[in-house]
Amino acid sequence: MDPDILVRGLTAGSLYALVAVSFNILYRPTNVFNFAQGELVMLGAMLFAAGKSTVGLPWPLALLATLAAVGTLGLAEEFIAVAPILARSKTGTGWVITTLAISLIVSNLVGWIWGPDPILVKPPAPLSLDTFEFAGLRLNSYVIALAALTIALVALIERAYRTLQGKAVLAVAEDREAALLRGINPARLSRWSFFLGGAFAGLTGILAAPILYASTSMGPALLLKGFAAAAVGSIGNNRGALIAGYLIGITEAVGASLLSPGYQEAVVFLVVLTVLLMRPQGLFGLATTRTV
Amino acid sequence: MLIVDSVDAGYGHVGVLEAVSLCVQPGSIVALVGRNGAGKSTLLRVISGLIAPTKGGIRFEGLDIAGKRPHTIVNCGLLHVAEGRRIFRNQTVADNLELGLYGLTISREEYRRRLEPVYSMFPILRERRDQLAGALSGGQQQMLAIAQAVIRGPKLLMLDEPSLGLAPILVDQVFDAIVSLRRSGVAILLVEQMVERALEISDYCYVLQSGRMTADGAARDMARSDALRTAYMGDHDSGSN
Amino acid sequence: MAASRATTLAPLITQTAFVAVACVFPLFVGSNSYALYVATQLGVYIIAAIGLNLLAGYAGQVSLGHAAFVAIGAYATALLMVDHAWSFWAASLVSMALATGLGMLSALPSFRLSTWYFAFITLAFALVFEKMIVEWRWLTKGFAGVIGVPAPRIFGYEFGPKILYLLVFASAVVAFLIVRNIVQSRFGRAFVAVRDAPAAALAVGASPQSMKMLAFVIAAAMAGAAGSLFAVQKTVVTPDDFTADFSIFFVLTVVLGGLGTLWGPVIGAFVFFLIPEFLSSLQSWRMLIYGCLLLVLMLFAPHGLAGALRQAWRRYAQTQKTPAAARTDTPVEHVAVAGLALEITGLQKRFGGVAALDDVEFIAPAGSCSAIVGPNGSGKTTLLNVSGGYYLADAGSVRIGGVETNGMSAQRIAALGIGRTFQTPRLLNELAVIENVMLGAYRRERAGFASTALRLPGARAETRRMRAEALDHLEFVGVADHAEDPAGEVPHGQQRLIEIARALMGGARLIMLDEPAAGLSMTELDRLDQLLVRIRKLGATIVIVEHHLDLVASIASFVTVLDRGKILASGSPADVFKDERVLQAYMGDRALRSGA
């Protein structure tokens with residue numbers, strides 16, 4: 001078997017888990033699954049690459065600027081494409097189409113600005129993509145750092161839900177009206193969640209850039225694999241998303257090496273279909289089955 | 001303190017309330033009674049801002065709150081405990097109480113100081129503070145719902161069917177709590193199906209029938225009035241059958 | 001009078017003129033003209049868009065990968081005709097079957113989940129399919145594509161471009177008519193029910209899963225047919241024809257024309273397809289413009305151009321509305337039904353820490369009227385929900401007409417002949433009142449899918465019969481003058497009566513009513529009282545949850561009192577209402593006691 005499988009699985013898995021978590025951040029207070037999320041990740045990668053190489057910003061500054069910009073775009077999306085639709089009907093799925101529209105707009109605007117050529121982004125020193133051999137497995141320092149950071153980020157997000165604001169988000173997710181009567185303003189929390197979810201997507205893009213290159217066409221694939229990780233790991237469950245992300249990353253790497261790289265998407269798609277057929281609520285189901 | 005002035009309201013095209021007026025004096029308990037579907041819950045929802053009235057005015061302590069958003073109204077000190085024990089079942093009792101203080105900037109000590117009277121009003125909540133609220137019994141959930149509102153220090157508390165589905169002993173506890181709240185200066189607007197018990201502790205009473213106020217008066221007089229019986233039993237019982 | 005005829009005739013004339021122009025169009029253009037080519041292509045797109053509109057607009061399932069289903073059809077036809085020398089007709093049948101089959105395989109898990117899963121899965125399907133076209137070079141010939149697809153033939157006669165145009169045009173008309181017939185039938189009503197009020201769909205015995213599946217099958221088959229025509233029209237099929245952009249194009253077509261309007265996809269395809277043809281200089285901006293259009297339309301015109309036209313028309317027609325035509329139909333004879341007994345023993349149901357039902361026994365003999373009363377929150381509605389299959393009981397048994405039903409799905413229980421009304425009426429607000437009532441007959445209507453889609457005489461006669469019967473039910477509940485109004489605009493009390501009419505329409509042998517009297521006016525109450533008597537006379541069993549004790553005393557022969565999930569008392573109304581404990585629990589009120 002291909003000795004690079006673990007590297008590829010871990011790398012891709014980390015990214016899928018991060019995208020899935022960024023979906024969940026938005027989903028919790030709004031029950032909206034953002035179809036533009038893949039493009040927000042792409043935008044993060046492109047902005048960071050441009051900030052670093054074109055403008056020549058030091059990377060911490062480029063990082064902060066990117067997070068702020070992508071977060072703001074998420075906020076704008078909520079304001080333009082999500083809040084008005086939810087105000088009209090809480091149950092409809094008009095937002096599927098409006099967030100898709102945002103995704104088209106972002107991807108084409110960005111494509112128009114930067115063109116189709118990928119930009120090379122080097123990992124910040126001392127991390128590198130040079131592989132070394134460890135116990136018969138080939139690894140590199142960036143992948144290890146990425147996996148560690150992913151786990152730390154998920155832990156951090158889970159901690160954030162232990163703060164009062166985090167509890168309020170969970171309260172809105174559970175019973176929007178009861179939350180309103182406790183003085184919680186769901187509209188404000190949903191704006192915040194879109195800002196944070198956007199920034200998180202931007203961060204995912206930055207982390208993906210050294211591996212995938214920053215390219216305007218990276219959005220759709222990340223959107224779908226992030227969805228796969230979120231659905232398999234149960235929507236709204238961040239720990240589930242983490243495990244499912246790696247599960248999908250590794251399955252994909254194995255599938256690609258056994259069949260051919262062209263089968264990556266097909267393998268992931270089959271895994272999602274199988275899981276949803278057996279367990280519609282995902283592998284790690286939330287205990288929120290509410291009967292009114 | 002609360003003045004509702006000829007309010008119309010409904011859902012979508014469908015009107016539920018028609019020219020409803022009501023008034024709550026500081027420190028009093030006002031009972032709002034009427035059959036199911038008469039529009040009592042709708043009226044409370046209009047007052048707390050969940051539904052905007054289509055006509056009429058609502059003033060709370062001189063402030064116009066008609067059509068204001070719920071969190072703004074909550075911050076004025078007008079709290080609404082909705083029907084059906086609407087607590088957050090997936091969070092602990094303590095978290096639920098903390099959420100009751102959402103949006104207030106208070107210190108840790110102040111938080112503990114505010115918890116004390118709530119826990120002494122409903123001691124069972126202290127015992128079970130680390131359990132998930134969904135694991136509480138129905139009566140305990142109702143207490144938690146009231147406690148969530150009380151901890152915020154309301155000026156006016158609106159309670160929608162607080163005795164709903166509770167065992168008699170728990171109903172007693174809930175009613176005791178209401179009386180002690182009034183003693184501490186909180187005004188109460190009470191929607192309650194146990195009309196007799198509600199009238200016993202109330203000062204004033206309004207009867208809502210098919211979306212209109214059909215009668216009102218001192219609680220003690222209303223207990224014997226025909227208007228009340230009509231509202232519950234219908235007035236064609238003696239005639240048509 | 002003339003004006004009112006104009007308001008009904010004008011749309012008809014416009015539609016006929018449109019079809020006539022499309023028919024004679026080939027006479028005025030050359031065989032190899034660009035105009036004919038574009039018109040044919042437009043027809044192909046309209047076929048796929050009509051299918052997508054049924055799926056997304058009526059059944060509420062947005063497919064974001066519709067191009068993939070068109071691609072399956074195109075590739076299947078091209079490969080079968082080029083490599084295996086099949087005839088076009090056989091190849092296009094296989095194309096439709098393949099598009100449907102492959103689509104079903106992937107969409108299957110999404111039908112029991114939130115609708116947006118479907119959107120994601122179709123999007124993913126399209127992406128995977130795009131890759132596979134390239135990957136399976138041995139089958140699809142990779143990027144080069146399938147070249148030289150022959151024209152369809154019939155008895156050796158080869159279709160020229162003009163005949164091909166007419167074939168495409170005829171197919172589009174057929175697709176339009178099929179969708180129109182479905183939308184106006186019980187299936188169409190059930191689609192809307194699944195989209196807007198799933199509980200109502202369950203109550204009339206329509207399974208949301210099967211309805212979503214049915215809509216998808218029709219849409220995928222139409223996409224397959226469109227693909228098939230696409231292959232013979234273009235004569236070349238390459239992967240580049242079926243990118244993600246192409247799927248977006250279909251979504252936009254339908255949204256632009258108007259989701260859930262019959263003419264929407266036609267208007268949308270026209271506007272949307274012809275404009276870029278004229279503005280080819282904007283080609284590189286196309287996707288950006290698509291995105292902005294989608295956003296603006298969803299925000300400001302959710303029913304698209306057709307919706308806007310309809311609204312403008314209605315406003316115009318409203319100003320000169322004449323009184324509704326008198327109903328002269330002879331009253332329909334209601335067939336007596338054999339009531340079903342409901343027997344519940346040892347029923348338990350808990351929610352979280354709260355026992356909603358605790359060891360409940362309840363028996364409603366066949367043809368009786370039994371009432372369940374009790375304070376709010378005592379478990380009455382839960383009892384109905386468990387009996388109807390909306391909740392699964394934790395323990396105990398529910399037998400309806402001698403059949404154990406605990407564990408059966410709600411729509412299967414409904415199909416046994418159970419009618420149900422809800423505390424908050426579950427009506428399809430956008431449909432007319434009479435359509436809502438006709439929805440009730442979903443299980444009773446015999447016309448199958450094929451005869452409905454083709455509108456065979458049997459299906460038409462049945463529809464007429466059902467309409468008359470629905471009107472009769474409406475007449476009796478006193479809402480007939482609202483028959484043609486959207487249900488969402490009818491006053492609340494009357495919505496309840498419409499729900500009862502819907503349950504009656506289903507020929508229910510056991511009717512469960514959840515607080516039918518709440519919010520009714522005095523006259524409506526009287527009517528309800530008479531209505532219940534009439535239902536009983538027909539032989540149906542009635543189980544009624546009601547606070548209006550007066551009504552209960554007059555109609556019910558048997559009363560059960562629930563309190564906090566337990567049976568407190570049961571017996572005849574006279575006995576039960578004298579019971580001290582009942583008075584205590586239920587009314588707890590001296591004033592009432594003196595009155596009762």
Side-chain angles (χ1 to χ4, degrees), chain A residues 24 27-31 79 83-84 86-92 158-193 234-240 281-282 284-292, chain B residues 12 41 44-45 47-51 68-106 108 111 132-135 141 144-154 157-160:
Chain A
N24 286 342
Y27 180 80
R28 271 188 163 159
T30 55
N31 281 9
F79 196 72
L86 291 185
R88 193 154 62 208
S89 150
K90 286 273 174 294
T91 52
E158 284 296 285
R159 256 206 98 65
Y161 282 109
R162 300 303 310 143
T163 63
L164 184 57
Q165 295 295 342
K167 288 172 191 169
V169 168
L170 298 179
V172 170
E174 192 180 329
D175 188 338
R176 196 181 175 87
E177 195 174 285
L180 273 167
L181 293 179
R182 297 289 154 264
I184 297 169
N185 180 358
R188 197 169 137 263
L189 289 178
S190 115
R191 284 196 290 273
W192 266 105
S193 293
S234 299
I235 306 291
N237 184 338
N238 287 327
R239 273 171 237 173
Q281 76 281 24
F284 305 95
L286 275 182
T288 48
T289 41
R290 223 185 113 74
T291 33
V292 181
Chain B
S41 294
L44 296 199
R45 291 163 64 84
I47 297 172
S48 60
L50 291 174
I51 310 170
K68 287 269 186 319
R69 288 193 296 176
H71 59 95
T72 320
I73 294 173
V74 166
N75 287 332
C76 296
L78 202 172
L79 272 282
H80 175 184
V81 179
E83 183 183 342
R85 306 188 278 265
R86 303 278 287 272
I87 48 160
F88 307 114
R89 283 155 222 265
N90 298 326
Q91 305 200 44
T92 64
V93 171
D95 286 348
N96 267 279
L97 289 173
E98 197 184 341
L99 280 167
L101 293 166
Y102 183 89
L104 305 178
T105 36
I106 53 168
R108 215 61 211 165
Y111 169 54
L132 287 186
Q141 291 183 1
L144 179 57
I146 296 174
Q148 254 191 323
V150 168
I151 195 170
R152 208 180 177 96
L157 191 59
M158 301 195 290
L159 299 170
D160 197 350

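Chain letters run A, B, ... following the sequence lines, proteins first, then strands; residues in each count from 1.
Evaluated for a side chain to side chain contact (heavy atoms under 4.5 Å, CB included) with A:Leu181, the options B:Leu44, B:Leu79, B:Leu50 yield exactly one hit, B:Leu50.
Of the two parts of A:Ala173, neither the backbone nor the side chain holds a non-hydrogen atom closer than 4.5 Å to a non-hydrogen atom of chain B.
Rounded to the nearest 0.5 angstrom, B:Ile87 CD1 and A:Asp175 CG are separated by 10.0 Å. In this structure, the separation between CZ on B:Arg86 and CG on A:Leu180 is 10.0 Å, given to the nearest 0.5 Å.
Interface remark: of the candidates B:Ala149, B:Pro70, B:Ala145, B:Ser48, B:Pro70 forms the most heavy-atom pairs closer than 4.5 Å to chain A.
Within 6.0 Å of OH on B:Tyr111 lie more than 12 heavy atoms contributed by other residues, nucleotides or ligands. Summarising the local packing, CZ of B:Arg69 is surrounded by 12 or fewer heavy atoms from other residues, nucleotides or ligands at distances under 6.0 Å.
Across all non-hydrogen atoms, the minimal contact from B:Val74 to A:Arg182 is CG1-C, 4.2 Å.
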Donor-acceptor pairs under 3.5 Å, side chain of residues 92-100 of chain B to any protein atom, not counting sequence neighbours: which ones?
| residue | atom | partner | partner atom | Å |
| --- | --- | --- | --- | --- |
| B:Thr92 | OG1 | B:Asp95 | N | 3.1 |
| B:Thr92 | OG1 | B:Asp95 | OD2 | 3.3 |
| B:Asp95 | OD1 | A:Lys167 | NZ | 2.8 |
| B:Asp95 | OD2 | A:Arg162 | NH2 | 3.0 |
| B:Asn96 | OD1 | B:Phe88 | N | 3.0 |
| B:Asn96 | OD1 | B:Gln148 | NE2 | 3.4 |
| B:Asn96 | ND2 | B:Phe88 | O | 3.0 |
| B:Asn96 | ND2 | B:Gln91 | O | 3.4 |
| B:Asn96 | ND2 | B:Thr92 | O | 3.0 |
| B:Glu98 | OE1 | A:Lys167 | NZ | 2.7 |

